[in-house]
There are 2 protein chains.
Amino acid sequence: MDVALRGGTILTMDDGRLGIVDDGAVGVVDGRIAYVGAASDLDDTTVDRIVDTSGCVVTPGLVNAHTHMPLTLCRGGAQDVPEIEWMRRALAPVRNAMTDADRIAGSRLGALETIASGVTTICEYTSGVADLVEAVYEPLGVRVAAVETINEVGTGHSGDPDDPYPFDASKGDAAEERAEALFEEYGEHALVEPAYGPQALDMVRPERLERLHERATDDDRKLHVHVAQGEREARQIAARYDGHSTVEVLEELGLADDRLVAVHLHGASVDERRRLAESDVSMVGNPSSIAAIDGITPPVVDYGAAGGTVALGTDQAPGPGGHDFNAELRIASLLSKTDRTDPTAFPAWTALRAGTVGGADALGIGVGRLAEGAPADIAVFEPGIGAAPFVEEPFHTAIPNVVFGSPRARDVLVEGRFLVRNGTFVDADPEAAVADAEARAAALFERAEADWRAAGSELVDAVDDGWL
Amino acid sequence: MDVALRGGTILTMDDGRLGIVDDGAVGVVDGRIAYVGAASDLDDTTVDRIVDTSGCVVTPGLVNAHTHMPLTLCRGGAQDVPEIEWMRRALAPVRNAMTDADRIAGSRLGALETIASGVTTICEYTSGVADLVEAVYEPLGVRVAAVETINEVGTGHSGDPDDPYPFDASKGDAAEERAEALFEEYGEHALVEPAYGPQALDMVRPERLERLHERATDDDRKLHVHVAQGEREARQIAARYDGHSTVEVLEELGLADDRLVAVHLHGASVDERRRLAESDVSMVGNPSSIAAIDGITPPVVDYGAAGGTVALGTDQAPGPGGHDFNAELRIASLLSKTDRTDPTAFPAWTALRAGTVGGADALGIGVGRLAEGAPADIAVFEPGIGAAPFVEEPFHTAIPNVVFGSPRARDVLVEGRFLVRNGTFVDADPEAAVADAEARAAALFERAEADWRAAGSELVDAVDDGWL
């Protein structure tokens, strides 16, 4: 056995609940889990490297199921503004000034932050995602669900929200070609899981959506789509599809099945969400992001109650603030409780399942459970000043304390390789990443300043008034 | 000058807004701030110790305006349960098994956690608070608003929620004597600010409330009271005071003025809160705690809109999860946004003011602003992987990024003395505090186990079902 984590509480997530094993151990051979069970039954003499995890809780590596990491370089650039201003008047002037190197620097910063919180799988949703896989995710050794954005909205829209966007098929073709090239290059890669990313139902022609879905079905691939994001989308869809809703169109096009990962869903009705859940569509909720951008709590509680697979994501830093995934588990629970005036809503154990096996199942990757034969993607949390005590009897306080205390991970392993050990990155250099991001961001915001002022969001007034 | 922090962005909070000074410096003499201004105008030759804060943001030390720190030892012990079960069936069996040494261990753990997040003033609300001041807060060197709980509910209540509690004046007398002894012992202490803590209007006789208020007025002291906490209190007050509400009784007794720090207030009406705000009553919201225990968002937005002073607190760990005060700023903002479906609600700058000058003004302590002559209670935040970038132009991304990124503080000073330097406690030993808490908590939960099972909260089922 190459490595064994010995001692502490193991949460396997492999029994439909948390799969709690006290005084447990996890053994790894060739990047796969080869042993899960009692520490006392582990044969030490066959283990090359034993890591003491007594007093800790050992979980499957967390799955951050929806991110746009390049925008981490714009963190702090767009929040506390009206939803109607957020994208065009606050974020866009900065985002549009980003260079390719900025995108890489932002992604590296965000990836390091989320890995430090115990994440072993990042779902990156972007246009030209292969560049980030090559420059950021492969070098870091983290698992990535690489979603290529496909958007064929052309230029020259009237500006009337009820007037359907013009389409530019050549733009869609180019994106689809990038997606196919991604499957070609990374289809067999151990740590990269490519997927199609039609940006939203109003931004891609129906014939392309049907073709992508057919190919996903044939080749066991996933489609990640932002679904029912709000009023703008609803009006576009109604205008184009004879008054129908986004979910109705999804169903009519035959997209509502287990190929589909539906991101957001707050604009759908309860009944529509129930139908999607019953059709084996997975959902990803992004609590901090949607709270910050829209003032809305993602409907993770009713999606789970309807039997749907619920995953969680940090989405984008301008808005939520970052990619600390444990903080996201806490926010998901607290927002769900206040949304329903119910302190039992989205309890710690549900948050932990959503953050591990929920994300893995949504993305269609065989991680998220500590089970023999599964990839050895593992997170270890210890009781620090913000999470102690970890008591095992009469119940495991580590379960709420990892969720609500949001500690950083002590150790993070992907395919049995330590990315983080004793709270420190083994190979990556976070200080250099921060220094690079600081320098690039200063230049980026300076380039964007004139456009940002001209765009005239409420943030401009806040600055002039001494608040920002 | 004893020490100067030189460089970076200073947020003085001293101009009614954030008081932003770029390339600033703060100088300290004898524990007081002796210089705030441009770094270039600081005469280096007169400074014994210069600390480089370039690239950082320097703020007044944060003020955690309401805590019950001993319960940190029970962290993870009571959340995700119905409100009706929370106190009696989930928390009480564990809390009642605590020893004095447990209370000290829990307080030390919670204090270290909150100091690490940049807090320099902790408001501790407990019975026998002097013991904690002596054993925990004085040795740590942190500023403490020490509130002695006064509660004179006697034994033998019928259990009918509409039947007023019996009072035991001798219990109230003993608590009042402890409070007076606290003023006697610590009234002139530089770092200890004693206060009266009538637990709630239904738990103290009106004649005592009037007497305490009179004394507070004469001697410039504060009364911290849990006000309008929910239905149980409302029914008690209505039964005792002829159908009136808590706020009406406060007003009738003459308590609604600038002596009063009203904690919670979610059970009051919007109009009642407006009246309290206009009467110069301060409020403390505890977002994570009240979200976790009640599924409710504290009414900090409308209290602020009515012109009231708003402070924030972490309350107690069983419920919110801990005392990371920066995380509390984030939660306060996100919960406010979703509560009002308004992404502009409780923006980062409002959260930062509530967490500094708001808390200081509520507690009546002259901290919370970086101004010449004020105590040198200061926090320094640097851009790490979870908060970078800190850009200064065209606006200060450090402001949202400290709130939403929730970094730990790089440096924490109380009266000019470093408690934390470069992310490490100077004198305190957090590892020992955690080890002590772990050992004590294991024994505590074991002692409590039989009672906890017998109390039969929903958590017992969760354990038996493999969720906890």
Side-chain angles (χ1 to χ4, degrees), chain A residues 17-18 20 75-77 79-83 109 112-113 116 288 291-297 321-322 324 331 334-335 337-338 340-344 347-349 383-386 388-389 391 393-397 399-401 404-405 430 434 437-438 441-442 445-446 449 452 463 466-468, chain B residues 17-18 20 75-77 79-83 109 112-113 116 288 291-297 321-322 324 331 334-335 337-338 340-344 347-349 383-386 388-389 391 393-397 399-401 404-405 430 434 437-438 441-442 445-446 449 452 463 466-468:
Chain A
R17 297 193 170 98
L18 297 203
I20 302 168
R75 173 157 45 198
Q79 60 285 304
D80 301 323
V81 288
E83 190 278 335
L109 183 67
L112 288 170
E113 182 191 12
S288 294
I293 297 170
D294 300 281
I296 287 175
T297 298
D324 179 334
I331 303 277
L334 294 180
L335 289 182
K337 292 176 192 314
T338 52
R340 307 178 81 88
T341 321
D342 176 4
T344 70
W349 49 87
I385 51 174
V391 165
E393 290 290 342
F395 54 93
H396 297 82
T397 56
I399 291 164
N401 289 351
F404 296 109
V434 168
E438 288 284 305
F445 279 78
E446 190 181 330
E449 179 164 2
W452 179 83
V463 172
W467 294 110
L468 187 60
Chain B
R17 299 195 168 96
L18 297 202
I20 302 168
R75 174 156 47 197
Q79 58 284 307
D80 300 324
V81 288
E83 190 278 335
L109 183 66
L112 288 170
E113 182 192 11
S288 295
I293 296 170
D294 301 281
I296 287 176
T297 298
D324 179 334
I331 303 277
L334 294 181
L335 289 182
K337 292 176 192 313
T338 53
R340 308 178 79 88
T341 321
D342 176 5
T344 70
W349 50 85
I385 51 175
V391 165
E393 291 289 341
F395 54 95
H396 298 81
T397 56
I399 291 165
N401 290 350
F404 296 109
V434 168
E438 287 285 305
F445 279 78
E446 191 181 330
E449 178 162 5
W452 179 82
V463 171
W467 294 111
L468 187 60

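Residue numbering restarts at 1 for every chain, and letters A, B, ... go by the order of the sequence lines.
Most heavy-atom pairs under 4.5 Å with chain B: of the set A/S288, A/P343, A/A442, A/P400, this distinction falls to A/P343. Each of A/I296, A/T341, A/I399 has some count of heavy-atom pairs under 4.5 Å with chain B, and the biggest count is that of A/T341. Per-residue heavy-atom pair counts under 4.5 Å with chain A were compared for B/G386, B/A437, B/G405, B/G466, and the maximum is reached by B/G386. Across A/E113, A/R17, A/E449, the residue that shares the most heavy-atom pairs under 4.5 angstrom with chain B is A/R17. Ranked by heavy-atom pairs under 4.5 Å with chain B, the first of A/P430, A/G384, A/A292, A/A116 is A/A292.
Residues A/L335 and B/L335 have side chains in contact (heavy-atom distance under 4.5 Å, counting atoms from C-beta outward). Side-chain contact between B/I385 and A/L109: present, with at least one pair of heavy atoms (C-beta onward) separated by less than 4.5 Å.
Between B/L18 and A/W467, the closest heavy-atom pair is CD1-O, 3.4 Å. Of all the heavy atoms in A/V434 and B/P383, the pair that sits closest is CG1-O, 3.1 Å. Nearest approach of B/L334 to A/A291, heavy atoms of both residues: CD2-CB, 4.0 Å. The nearest pair of heavy atoms linking B/T344 to A/P82 is CG2-N, 3.4 Å. The two atoms that bring A/I331 and B/I331 nearest to each other are CD1-CD1, 3.5 Å, heavy atoms only. When all heavy atoms are compared, the tightest approach of B/P394 to A/F445 is CD-O, 3.8 Å.
In this structure, the portion of A/D294 lying under 4.5 Å from any heavy atom of chain B is its backbone and not its side chain. Only the side chain of A/V463 comes within contact range of chain B, with heavy atoms under 4.5 Å apart. Residue A/Q79 touches chain B through its side chain alone, counting heavy-atom pairs closer than 4.5 Å. Contacts of A/I293 with chain B are made by backbone atoms alone, with heavy-atom separations under 4.5 Å and no side-chain atom involved. Only the side chain of A/I20 comes within less than 4.5 Å of a heavy atom of chain B; its backbone N, CA, C and O stay farther away.
Partners of B/R340 according to the side chain to side chain contact (heavy atoms under 4.5 Å, CB included) rule, which considers only residues two or more places apart in sequence or in another chain, are B/V301, B/D302, B/D342, B/A345. Shown here are the side chain to side chain contact (heavy atoms under 4.5 Å, CB included) partners of A/P389, two or more places apart in sequence or in another chain: A/V391, A/N401, B/R75, B/E438, B/A441.
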